[in-house]
Amino acid sequence: MLVTVYGAGYVGLVQAAVLADAGHRVVCADVDASKIEQLKLGYVSIYEPGLTELVAVNAEAGRLTFTANIQRAVEHGALHFIAVGTPQLDDGSADVSYVLSVATTIAQHVEHDAILVVKSTVPVGTCDQVAARVHEVLASRDRTDLKCPVAFNPEFLKEGAAIADCQRPDRIVIGTEDADVEQRLRELYAPFNRNREKLMVMDRRSAELTKYAANCMLATKISFINEIANLADILGADVEQVRRGIGADPRIGYQFIYPGLGYGGSCFPKDVRALIRIAQDAAFDPMILRAVDARNTRQRTSLVGKIKARFGADLSGRKFALWGLAFKPNTDDMREAPARAIMEELWAAGARVSAFDPKAMDECRRIYGTRPDLELCSSPIHALDGADALVVATEWKAFQGVPLETLRDRLANRVIFDGRNIFDPQIAAANGLEVIGMGRARREVVAEDRPVRAEA
Ligand code: NAD
């Protein structure tokens, strides 16, 4: 099928490459001309495992092309996927102006029947707005003879596993009440719908709410376990044991109940806030969502509270090694990454940071430039040199392979602030290291001269 994808970001580029790989002829369009130029040269600016290779194979086969000429992109597709950003506005709501702008452009230039498929995460009712805008523009061109229905097809991919998620989705949600649209999308997704029926067809508003509800449910699990972790710190329990104890119940499950520094990235924080806004605009108080967001905001810097409790509020003259900059492993995405909040608080308290991340070093350089209180190091071990303590912000697997003796020998104060609980406090203690983790203040490993603290 002939497909145009608007937006060459995490969602658009992955969707374009995966659809091309399934045999469709895909044009991927973006207003960022330099991004398109790089893609034409085979350079993918985001880190997503397997993406560069998938783009290269399909570009070479002629199934995937890139353009910054949006009008030409409109001419190509029978199906138009809108996968542009919906960033957070100051009041917490999602900015749908890019989505509306793409829809307007399509309606201005389309000369054949076409289906618009919104993939961006959008507030309930946005597809109605898109349909109204398309109709208005077609009417202004006197082209209401063209059929341009609008469907919603949310994306559930996880950064770091985006290609696998797109190629083997758990479900394909389609918001449409138009049988022809459903049929065309069935044909498009047939290669991904072979082993069982994955298509869930529903009305557009329910589909729009499904996407927010999915992210908010996952965010709720994370904030819930973080709340329990903070309580465990105060009560002298080990949240890792509590996690295993509750995860064994299949109604709860082990996924998404890892205590840590809270969720980040481009989706959960903004989507939780957008749904809060959507609810409040409908005169409904989203009590659970407000608590999820508040817990997460506090969680990000909770480790800095522990650092200050150990070293004092004034951290001038101190240096901290920081392992992990991306908001989670297997990505270079630092949008709303806890590491950013931690670094910024450490700097504000006068400390210097020596940081390492396997993939996000360029992104960190792009965000913060060069500054005297940030050293970007070539390895996790190099980051330890001259540091008072280690702070773990992202649970990259490679970090767990660094020998404890190396940490003990290089860290001036032999302390690890483990924001992701990758170190076992007892094994570390046996190797001469103190680990201050998240919800792991079991009484026997709490230093005797340091009473268990209440949450700041
Ligand atoms: P992104 O910021 O990585 O990419 C968006 C792209 O759209 C940019 O390259 C931008 O230049 C381009 N763009 C903006 N206006 C345009 C226009 N008028 N025409 C063509 N291109 C335009 O965003 P993303 O992370 O891919 O997210 C896109 C949407 O998908 C958002 O609504 C997001 O909430 C949702 N989503 C994201 C993820 C994720 O993991 N990143 C997962 C599921 C859903």
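- Residues that satisfy the ring pair (Phe, Tyr, Trp, His ring centres under 6.0 Å) test with Phe356, not counting sequence neighbours, are absent from this structure.
- To the nearest 0.5 Å, atom CZ of residue Arg204 and atom CD1 of residue Ile174 are 13.5 Å apart.
- Judged purely by atom type and a 3.5 angstrom limit, Asp30 uses its side chain to pair as donor or acceptor with the backbone of Ala8.
- The minimum heavy-atom distance linking Ala313 with Ala349 is given by the pair O-CB, 3.6 Å.
- In the displayed structure, Arg196 atom CZ is contacted under 6.0 Å by more than 12 heavy atoms of other residues, nucleotides or ligands.
- Residue pairs that meet the side-chain hydrogen bond (donor to acceptor under 3.5 Å, both in side chains) test with at least one member in residues 207-223, sequence neighbours left out, are Asn215-Asp271.
- Not one N or O on the side chain of Thr406 forms a donor-acceptor pair closer than 3.5 Å with the backbone of Val402.
- Residues Asp95 and Ser93 have side chains that never bring a donor and an acceptor to within less than 3.5 angstrom of each other.
- A donor and an acceptor atom, one from each side chain of Asp285 and Gln280, are nowhere located under 3.5 Å apart.
- The distance from the CG atom of Leu404 to the CG atom of Leu433 is 6.0 Å, given to the nearest 0.5 Å.
- Using a cut-off of 4.0 Å between Lys/Arg side-chain N and Asp/Glu carboxylate O, Asp362 and Arg365 are scored as salt-bridged.
- Here CG of Leu51 is found 4.5 Å from CD1 of Ile163. Values are rounded to the nearest 0.5 Å.
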Open item on the list: Test side-chain contact (heavy atoms from CB on, under 4.5 Å) on Cys28 and Leu39; report intermediate values, then the result.
Closed with: CA-CA 10 Å; Cys28 183; Leu39 285 166; 5.5 Å; no
(Q) For a side-chain contact (heavy atoms from CB on, under 4.5 Å) check, start with the C-alpha distance between Ile367 and Met334, then their side-chain angles and the critical distance, and finish with the verdict. (A) CA-CA 9 Å; Ile367 296 168; Met334 286 183 67; 3.8 Å; yes
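- Considering only residues two or more places apart in sequence or on other chains, Tyr263 meets the ring pair (Phe, Tyr, Trp, His ring centres under 6.0 Å) condition with Phe268.
- Minimum interatomic distance between Tyr47 and Thr331 (heavy atoms only, all atoms of both residues): CD2-CA, 4.0 Å.
- Residues passing the ring pair (Phe, Tyr, Trp, His ring centres under 6.0 Å) test with Tyr6 are His80, sequence neighbours excluded.
- Side chains of Lys198 and Asn193: no donor on one and acceptor on the other come within 3.5 Å.
- Residues Pro259 and Glu227 are not in side-chain contact: their nearest non-hydrogen atoms beyond the backbone lie 4.5 Å or more apart.
- Within a 6.0 Å sphere centred on CZ of Phe156, heavy atoms belonging to other residues, nucleotides or ligands number more than 12.
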Between Asn226 and Leu261, is a side-chain contact (heavy atoms from CB on, under 4.5 Å) present by the stated rule, with each step listed? CA-CA 8 Å; Asn226 284 335; Leu261 296 169; over 6 Å; no
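- Note that CG of Asp165 is 7.0 Å distant from CG of Asp170, once rounded to the nearest 0.5 Å.
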For this session: Could you walk me through whether His382 and Asp385 pass side-chain contact (heavy atoms from CB on, under 4.5 Å), step by step?
Result: CA-CA 6 Å; His382 177 206; Asp385 289 333; 4.1 Å; yes
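- Contact of the Phe311 side chain with the Lys306 side chain is not registered, since no non-hydrogen atoms from C-beta on lie closer than 4.5 Å.
- Between Asp281 and Arg277, at least one side-chain N (NZ, or NE/NH1/NH2) sits under 4.0 Å from a carboxylate O, which counts as a salt bridge.
- In plain terms, the two heavy atoms of Leu64 and Ala16 that are nearest each other are CD1-CB, 3.9 Å.
- Salt bridge annotation for Lys270-Glu336: absent, with no cationic side-chain nitrogen under 4.0 angstrom from a carboxylate oxygen.
- Inter-residue side-chain proximity for Phe320 and Arg352 is flagged as unmet; no heavy-atom pair is nearer than 4.5 Å.
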Q: Would you please test Gln15 and Tyr10 for side chain to side chain donor-acceptor pair (under 3.5 Å) and show each step?
A: CA-CA 9 Å; Gln15 172 81 355; Tyr10 284 90; over 6 Å; no
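- Under the 3.5 Å distance criterion, with hydrogens and angles disregarded, no donor-acceptor pair is assigned to the side chains of Asp178 and Thr176.
- A salt bridge does not link Glu177 to Arg205: none of the charged nitrogens lies less than 4.0 Å from a carboxylate oxygen.
- In this structure, the side chains of Lys308 and Val304 come closer than 4.5 Å at one or more pairs of heavy atoms.
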Exercise for the section: Any chance you could lay out the side chain to side chain donor-acceptor pair (under 3.5 Å) test for Tyr189 and Asn153, step after step, and finish with the verdict? Expected result: CA-CA 11 Å; Tyr189 282 126; Asn153 172 214; 2.5 Å; yes
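- In summary, the aromatic rings of Trp347 and Tyr368 are positioned with their centroids under 6.0 Å apart.
- Remark: Lys119 is not positioned above the aromatic ring of Phe81, lacking an NZ or CZ atom under 6.0 angstrom from the ring centre and at most 45 degrees off the axis.
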Evaluation steps, salt bridge (Lys or Arg N to Asp or Glu O under 4.0 Å), between Arg408 and Glu405 | CA-CA 5 Å; Arg408 187 190 54 216; Glu405 311 84 70; 5.9 Å; no
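- Between the CD1 atom of Ile422 and the CD atom of Gln400 there is a distance of 5.0 Å, given to the nearest 0.5 Å.
- With respect to Glu48 and Lys158, no salt bridge is recorded, no charged nitrogen being found less than 4.0 Å from a carboxylate O.
- Trp396 is listed as a side-chain neighbour of Asn330, based on a closest heavy-atom distance under 4.5 Å.
- Annotation: side chain of Met438 is in contact with side chain of Gln299 (closest heavy-atom distance under 4.5 Å).
- For the pair Arg243 and Tyr254, the NZ or CZ position fails the cation-pi test of under 6.0 Å to the six-membered ring centre and within 45 degrees of the ring normal.
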Practice item. Given side chain to side chain donor-acceptor pair (under 3.5 Å), test Asp32 with Ser34 step by step and report yes or no. Key: CA-CA 6 Å; Asp32 183 338; Ser34 67; 2.9 Å; yes
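- Residues satisfying the ring pair (Phe, Tyr, Trp, His ring centres under 6.0 Å) criterion with Phe224, sequence neighbours excluded, are absent altogether.
- At least one side-chain heavy atom of Cys166 sits less than 4.5 Å from a side-chain heavy atom of Glu155.
- Thr394 places a side-chain N or O within donor-acceptor distance of the main-chain N or O of Ala326, the cut-off being under 3.5 Å.
- Atoms CG and CG, from Leu322 and Asp357 in turn, are 8.5 Å apart once rounded to the nearest 0.5 Å.
- For the pair Glu434/Arg414, no side-chain contact is recorded, criterion being any heavy-atom separation below 4.5 Å from C-beta on.
- For Ala337 against Leu325, the heavy-atom pair with the smallest separation is CB-O, 3.3 Å.
- A salt bridge links Asp373 and Arg371; the closest N-O separation between the charged side-chain nitrogens and carboxylate oxygens is under 4.0 Å.
- A donor and an acceptor atom, one from each side chain of Tyr258 and Glu240, are nowhere located under 3.5 Å apart.
- Residues forming a side chain to side chain contact (heavy atoms under 4.5 Å, CB included) with Ser354 (at least two apart in sequence, or on another chain): Lys319, Ala321, Glu375, Cys377, Ala383.
- Listed here is the closest heavy atom pair of Arg300 and Pro269: NH2-CG, 3.9 Å.
- When all heavy atoms are compared, the tightest approach of Ala219 to Val272 is CB-CG2, 3.7 Å.
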